[in-house]
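All figures in this text were calculated on a predicted structure; none of them were measured in a lab. Start at 1 and go down the list; that is how both ligands and their atoms are numbered.
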Amino acid sequence: MADKASNGSESTGLDPEDWDAFRALCHSAVDDMIDHWASVRDRPVWQPIPEAGKAALEPCTPLLGKPASEVYETFRERIMPHLLGNTHPRFWGWVHGSGTPVGALAEFLAGCVNANLGGREHMPVYLERQVIDTFKSVFGLPAAASGLLVSGTSMATLLGLAVARERIAPGTIRSAGLAAAGRELVGYCSTQAHSCAAKAFEVLGLGSSRLRKVKTDAAHGIDLEALEQAIRADRAAGSRPFVVIASAGTVNIGAFDDISAIRGIADRHDLWLHVDGAFGALAMLAPALRHLVAGIETADSLAFDCHKWLHVPYDAGCLLVRDGQLHRATFGGRLEYLSSAEVGAASGEPWFCDYGIELSRGFRALKVWFTLEHYGLARLGEAICRNCEQARHLARLVDAEPRLERVAPVPLNIVCLRHRGSTGSDPVEQEHLTKWLTARLHLEGVAVPSLTTIDGRTAMRVCLTNHRTTTADLEAFVAALLSFGEERASRSA
Ligand SMILES: *Cc1c(COP(=O)(O)O)cnc(C)c1O
């Protein structure tokens with residue numbers, strides 16, 4: 001059957017009018033991006049965006065479009081030079097993944113096929129199931145466990161805690177709300193837990209004040225005795241403790257809560273155990289680090305990110321739930337226009353839309369699958385292990401340098417440090433110096449560490465979730481830090 005569009009009598013819809021021109025544009029974009037990766041080390045990690053550059057973006061979309069090549073040029077000239085820098089070998093701020101070319105290829109392919117992973121019968125759904133099964137086996141969860149790829153650990157934590165809440169009054173809490181619980185629901189995490197846990201408590205109507213922040217011990221893990229005391233106190237006061245959130249890798253220093261011990265406490269008090277393993281859970285892939293996450297296989301729900309330490313392009317996180325039936329009971333149920341069929345495109349149960357709050361879902365599974373297939377679990381684990389060795393190397397450099405001081409242990413991949421400043425400088429001066437040095441490293445495009453607070457004092461924080469970093473990068477960072485420190489001292493002298 002001839003397509004009318006081919007004889008030019010009808011519009012081609014939104015497809016290119018000239019496929020050859022579009023092909024040429026795509027080829028040159030691919031060349032540009034490969035050059036971009038290959039030369040990443042030659043560029044500053046970050047550079048300030050000139051105000052004129054921000055203002056140069058048109059204030060709103062024009063009524064009439066322009067050629068794709070022109071839009072691409074704007075992207076190349078105005079956007080590309082001012083990225084955050086997390087693909088650069090000396091980016092160590094917050095907890096960022098550094099991406100991979102192969103992940104980007106998968107992202108392009110996913111865009112091309114434009115699959116909607118809400119459900120139904122198509123291979124992309126089977127691919128996501130394969131990815132989930134892979135992660136279930138990595139973390140030692142049973143076959144009856146379920147899972148879902150989501151935007152990140154924040155979303156995975158929200159969904160995991162919703163399943164924990166469902167367990168309190170199965171079948172009634174969805175319609176009756178929290179009143180169905182009968183008592184005030186309370187949960188626990190350490191003072192070092194990520195803020196996404198409190199956010200989830202707020203969104204779920206539990207209230208963040210009902211999430212008790214338990215103090216940490218000398219190793220920065222949750223204080224187990226204090227945890228159990230808090231649970232007892234809440235019970236005595238008539239509340240219903242229902243969940244404990246264990247951190248596997250805290251943002252500040254990469255500390256681990258003792259998951260096995262927390263499991264014991266959770267069992268004694270009938271609590272759900274949710275593990276926030278955003279990046280730290282992936283220690284599972286490195287045999288030398290696996291002991292840190294001992295007990296993770298006993299989690300009721302586990303949240304982690306593929307876009308951090310697996311370097312899958314943003315965004316991709318994962319939720320795993322031990323009790324797949326309860327997971328489905330929390331989110332399942334569809335109206336008639338979404339009912340499934342025995343055969344045809346509307347078959348393919350179970351559908352992912354019954355395991356979360358989104359109906360339409362992107363093809364995140366492709367970039368995760370591509371990454372896992374191409375690198376293999378062993379190589380991904382080696383990259384994680386290398387980052388931890390590099391963190392220990394940096395810690396040794398800092399310890400050996402009298403002008404610097406390390407301010408926290410290094411259990412994983414994060415080093416927190418300070419420049420001591422000139423002799424006799426007080427904590428306020430040191431705080432200014434730490435902030436000034438961090439900003440200076442950013443502004444000069446040398447490196448991007450971030451700032452945090454350790455024991456109430458400001459510290460510079462280097463988080464190694466970067467497969468491009470080399471030992472020489474860390475040495476260059478220390479050298480720059482010392483030289484900026486000298487500069488500042490001579491200025492104020
Ligand atoms: C990054 C992070 C989160 C939040 O994950 P997103 O993917 O950014 O939503 C939660 N917990 C920890 C420990 C993290 O590092």
Side-chain angles (χ1 to χ4, degrees), residues 84 86 91-99 103 135 139 147-162 187-204 208 211 213 216 220-222 243-257 259 262 273-284 289 292-293 296 299 301-320 356-358 362 364 367-368 371 384 387-388 391 408 411-416 449-454 461-466:
L84 191 63
N86 54 302
F91 186 98
W92 308 307
W94 309 279
V95 189
H96 273 60
S98 40
F135 286 135
F139 292 107
L148 187 74
L149 293 180
V150 292
S151 54
T153 293
S154 301
M155 179 58 87
T157 295
L158 174 66
L159 300 184
L161 297 189
Y188 308 86
C189 64
S190 88
T191 52
Q192 294 295 305
H194 192 273
S195 55
C196 72
K199 232 188 226 187
F201 260 62
E202 290 163 7
V203 173
L204 290 168
S208 48
L211 178 63
K213 304 283 180 64
T216 51
H220 298 242
I222 195 165
V243 68
V244 53
I245 298 154
S247 298
T250 59
V251 178
N252 266 348
I253 73 149
F256 288 80
D257 291 344
I259 302 173
I262 294 173
L273 169 57
H274 175 81
V275 176
D276 172 354
F279 59 103
L282 277 314
M284 198 70 187
L289 304 170
L292 295 168
V293 287
I296 201 163
S301 53
L302 166 63
F304 65 95
D305 278 320
C306 305
H307 55 217
K308 287 176 178 169
W309 235 352
L310 289 179
H311 308 294
V312 170
Y314 284 96
D315 49 20
C318 183
L319 169 70
L320 298 176
I357 50 184
E358 290 167 334
R364 292 189 179 106
K367 57 191 174 182
V368 179
T371 301
I384 286 168
N387 279 157
C388 296
L412 197 65
N413 62 330
I414 298 170
V415 182
C416 293
S450 56
L451 288 166
T452 191
T453 302
I454 304 285
R461 178 178 162 285
V462 173
C463 174
L464 290 149
T465 42
N466 190 328

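For residues 149-161, no residue pair satisfies the salt bridge (Lys or Arg N to Asp or Glu O under 4.0 Å) rule, not counting sequence neighbours.
The side-chain hydrogen bond (donor to acceptor under 3.5 Å, both in side chains) test with Gln192 is passed by exactly one of Thr216, Asn252, Thr250: Asn252.
Checking only distances, His307 does come within under 3.5 Å of ligand 1, N or O to N or O.
Counting protein heavy atoms only, atom 10 (C) of ligand 1 is closest to His194 CG, 3.2 Å. Protein heavy atom nearest atom 6 (P) of ligand 1, with residue, atom name and distance: Thr153 N, 3.5 Å. Asp276 OD2, 2.6 Å is the protein heavy atom nearest to atom 11 (N) of ligand 1. Nearest protein heavy-atom contact of atom 9 (O) of ligand 1 is Ser154 OG, 2.6 Å.
At a 4.0 Å cut-off, at least one heavy atom of Cys196 sits close enough to ligand 1 to count as contact.
Of the options Lys199, Lys308, His96, the smallest heavy-atom separation from atom 8 (O) of ligand 1 is shown by Lys308.
Listed by number with element, the atoms of ligand 1 under 4.0 angstrom from any heavy atom of Ala278 are 2 (C), 3 (C), 10 (C), 11 (N), 12 (C), 13 (C), 14 (C), 15 (O).
With a 4.5 Å cut-off on side-chain heavy atoms, Val203 and Leu161 do not count as touching. Residues Val275 and Ile262 fail the side-chain proximity criterion, which asks for heavy atoms closer than 4.5 Å. Between Thr371 and His311 there is no side-chain heavy-atom pair separated by less than 4.5 Å.
With a 4.0 Å cut-off on non-hydrogen atoms, Met155 does not touch ligand 1 at all.
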